[in-house]
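Encoded as structure tokens, here's the structure I'll be asking about.
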Amino acid sequence: MTAGSMHADRLLLRRFDAGDISHLIELDADPEVMRYLTGGIATERSAIEQEILPLFIDAHRNDPPFGFWAAEEDGRFVGWLSLRPVPDTGSVASLGYRFMRRAWGRGLATEGAHLLIDAGFERSSIKRIVATTYEENRPSIRVLERLGMRLKRRFRYSAADLAGSETSRPSKELWPGDDLEFALDRQDWISSRA
Ligand SMILES: CC(C)(COP(=O)(O)OP(=O)(O)OC[C@H]1O[C@@H](n2cnc3c(N)ncnc32)[C@H](O)[C@@H]1OP(=O)(O)O)[C@@H](O)C(=O)NCCC(=O)NCCS
């Protein structure tokens, strides 16, 4: 692995650059992709240009495997994954992913997430990787279960939490259901590889 890319069987994970604007606009314009993130509302171009893409380019860029990764299959953008240290923990990182609808149903998200999890535990001293999802987001829950992550808690995002989202622009209205936090501890990751 170089600082700039990682490979799995079918996926190349590479760092974002300025040319990815159109990819993120297309991804976030699909109401099915955004269904459990914003209720289906597309992300505005200005937010992608001014806030989201700069974050994706800059965050932890020189500290792989942390940060945001554009996922490509055969040279074509299919989505993104992220692994970000959770502030003030010193030992926990948070996993995220969003894929184009045309890439769903083939295990690509699971493949990319496996790569990031392995790299996270191999190349840093983190002790736990967490991921959160909405209780009705079955495809995302299935990804987390396939990764060997376990449900740790149910909780509700507050309006302030939603307003602070850095990767989408959810409505400030709270949804009726719970959010779920899954986690994989280093020890369980080691056991799963034995
Ligand atoms: C969450 C999301 C990435 C899941 O995508 P996905 O394609 O269902 O997930 P995977 O890439 O792991 O593929 C799994 C599917 O491929 C199938 N599959 C085919 N080949 C496979 C393989 N080699 N390995 C694993 N699964 C494979 C699985 O059976 C599964 O299908 P199923 O759900 O019908 O059983 C996608 O729904 C998405 O981008 N949603 C919008 C954004 C979002 O909600 N992100 C999460 C926020 S918390």
Side-chain angles (χ1 to χ4, degrees), residues 24 27-28 30-44 47-48 51-52 55-56 59-60 63 65-69 71 79-99 101 104 107-121 124-192:
L24 293 181
L27 178 66
D28 280 19
D30 184 337
E32 279 301 309
V33 169
M34 302 309 283
R35 182 168 172 188
Y36 300 112
L37 305 170
T38 63
I41 309 293
T43 310
E44 286 182 11
I48 291 174
E51 296 160 35
I52 295 174
L55 172 77
F56 281 19
H60 308 286
D63 191 18
F66 298 117
F68 290 84
W69 298 92
W80 60 258
L81 297 119
S82 62
L83 188 68
R84 305 172 75 192
V86 177
D88 304 324
T89 64
S91 61
V92 182
S94 163
L95 173 73
Y97 41 77
R98 190 176 304 173
F99 275 69
R101 202 185 330 172
W104 293 1
L108 293 176
T110 301
E111 181 178 309
H114 254 307
L115 182 65
L116 264 192
I117 287 172
D118 287 351
F121 283 128
S124 82
S125 58
I126 53 167
K127 294 193 170 63
R128 169 176 274 205
I129 293 177
V130 298
T132 59
T133 190
Y134 183 55
E135 66 173 2
E136 290 178 15
N137 194 346
R138 287 299 312 165
S140 182
I141 292 169
R142 283 199 294 272
V143 169
L144 299 175
E145 290 172 345
R146 269 193 295 276
L147 294 168
M149 300 186 82
R150 297 203 190 131
L151 179 61
K152 293 293 175 181
R153 68 182 178 114
R154 306 177 75 92
F155 69 104
R156 302 291 300 277
Y157 278 123
S158 67
D161 291 334
L162 293 179
S165 168
E166 292 182 296
T167 55
S168 55
R169 297 290 174 270
S171 91
K172 292 180 182 54
E173 268 171 50
L174 295 178
W175 294 9
D178 286 342
D179 292 282
L180 310 178
E181 182 179 276
F182 284 75
L184 178 64
D185 290 323
R186 176 178 286 273
Q187 201 49 53
D188 292 330
W189 171 76
I190 292 170
S191 304
S192 74

If you apply the rule side chain to side chain contact (heavy atoms under 4.5 Å, CB included), what do you find for F182 with L95, and how did you get there? CA-CA 10 Å; F182 284 75; L95 173 73; over 6 Å; no

Among side-chain atoms of T132 and Y157, is any donor-acceptor pair under 3.5 angstrom?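 Side chains of T132 and Y157: pair found under 3.5 Å.
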
Can you tell if the side chain of I41 reaches within under 4.5 Å of the side chain of R169, non-hydrogen atoms only?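 Side-chain contact under 4.5 Å: no.
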
Would W189 and I129 satisfy side chain to side chain contact (heavy atoms under 4.5 Å, CB included), going step by step from the backbone distance to the final call? CA-CA 10 Å; W189 171 76; I129 293 177; over 6 Å; no

Begin from the C-alpha positions of F121 and I190 and carry the test side chain to side chain contact (heavy atoms under 4.5 Å, CB included) through to its verdict. CA-CA 9 Å; F121 283 128; I190 292 170; over 6 Å; no

Mind running side chain to side chain contact (heavy atoms under 4.5 Å, CB included) on L147 and L184 for me, showing each step along the way? CA-CA 8 Å; L147 294 168; L184 178 64; 5.9 Å; no

At what distance, to the nearest 0.5 angstrom, does OG1 of T110 lie from CG of L115?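 Between atom OG1 of T110 and atom CG of L115 there are 12.5 Å.
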
So which atom in H114 and which in R146 form the shortest heavy-atom distance, rounded to 0.1 Å?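 Looking at all heavy atoms of both residues, the closest pair is NE2-O, 4.2 Å.
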
Could you tell me whether the side chain of L24 reaches within less than 4.5 Å of the side chain of W80, counting heavy atoms only?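 W80 vs L24: side chains touch.
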
Whether Y36 and Y134 hold their rings parallel, tilted or perpendicular, with breakpoints at 30° and 60°: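 Judged by the thresholds at 30° and 60°, the geometry between Y36 and Y134 is tilted.
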
Residues K152 and E181 bridged, charged N to O under 4.0 Å: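 Salt bridge between K152 and E181, a charged N being under 4.0 Å from a carboxylate O: no.
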
Given side chains that start at C-beta, do those of I48 and F56 come closer than 4.5 Å, heavy atoms only?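 I48 vs F56: side chains apart.
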
If I compare all heavy atoms of T38 with all of S168, which pair ends up nearest, and what's the gap?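 What the structure gives for the nearest pair is CG2-CB, 4.1 Å.
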
With a sphere of 6.0 Å drawn around CZ of R150, does it hold more than 12 non-hydrogen atoms of other residues, nucleotides or ligands?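 Result for CZ/R150: open.
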
How close do I126 and G120 get, counting heavy atoms only, and between which atoms?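 Of all heavy-atom pairs spanning I126 and G120, the closest is CG1-O, 3.6 Å.
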
Euclidean distance, L55 CG relative to T167 OG1, rounded to 0.5 Å: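 Reported value, rounded in 0.5 Å steps: 8.5 Å.
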
Would you mind reporting whether D179 and R154 have side-chain heavy atoms less than 4.5 Å apart?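 No; the side chains remain at least 4.5 Å from each other.
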
Check the side chains of D188 and S191 for a donor-acceptor pair under 3.5 angstrom, ignoring hydrogens and angles.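 Their side chains do not contain a donor-acceptor pair, so the 3.5 Å distance test is not met.
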
Heavy-atom closest contact (I141 atom, L180 atom, distance):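 Scanning both residues, the minimum pair turns out to be CD1-CD1, 3.7 Å.
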
Does the distance from a Lys or Arg side-chain N to an Asp or Glu carboxylate O, for R142 and E145, drop under 4.0 Å?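 Looking at R142 and E145, the cut-off is not met.
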
Supply the atom-to-atom distance L37 CG to N137 CG, rounded to the nearest 0.5 angstrom.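 Going from CG on L37 over to CG on N137, the span is 7.0 Å.
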
Quick one: closest heavy-atom pair of Y97 and S140, and the distance?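 So the two residues come closest at OH-OG, 2.8 Å.
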
For the CZ atom of R128 and the CD atom of Q187, what is their distance to the nearest 0.5 Å?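 Those atoms lie 13.0 Å apart.
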
Gap between atom CD of E32 and atom CG of D30 - 0.5 Å precision: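 One finds 6.5 Å between CG of D30 and CD of E32.
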
Show the nearest heavy-atom pair for residues S124 and R186, with the distance to one decimal.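 Residues S124 and R186, closest heavy atoms: O-NH2, 2.7 Å.
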
Contact check, side chains of F99 and L81, non-hydrogen atoms, under 4.5 Å: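 Yes, side chains in contact.
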
NZ/NE/NH1/NH2 to OD/OE distance under 4.0 Å, D28 and R98: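 Answer for the salt bridge query: yes.
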
Pairwise side-chain contact, W69 with L83, heavy-atom cut-off 4.5 Å (strictly under):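 Sidechains of L83 and W69: no contact.
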
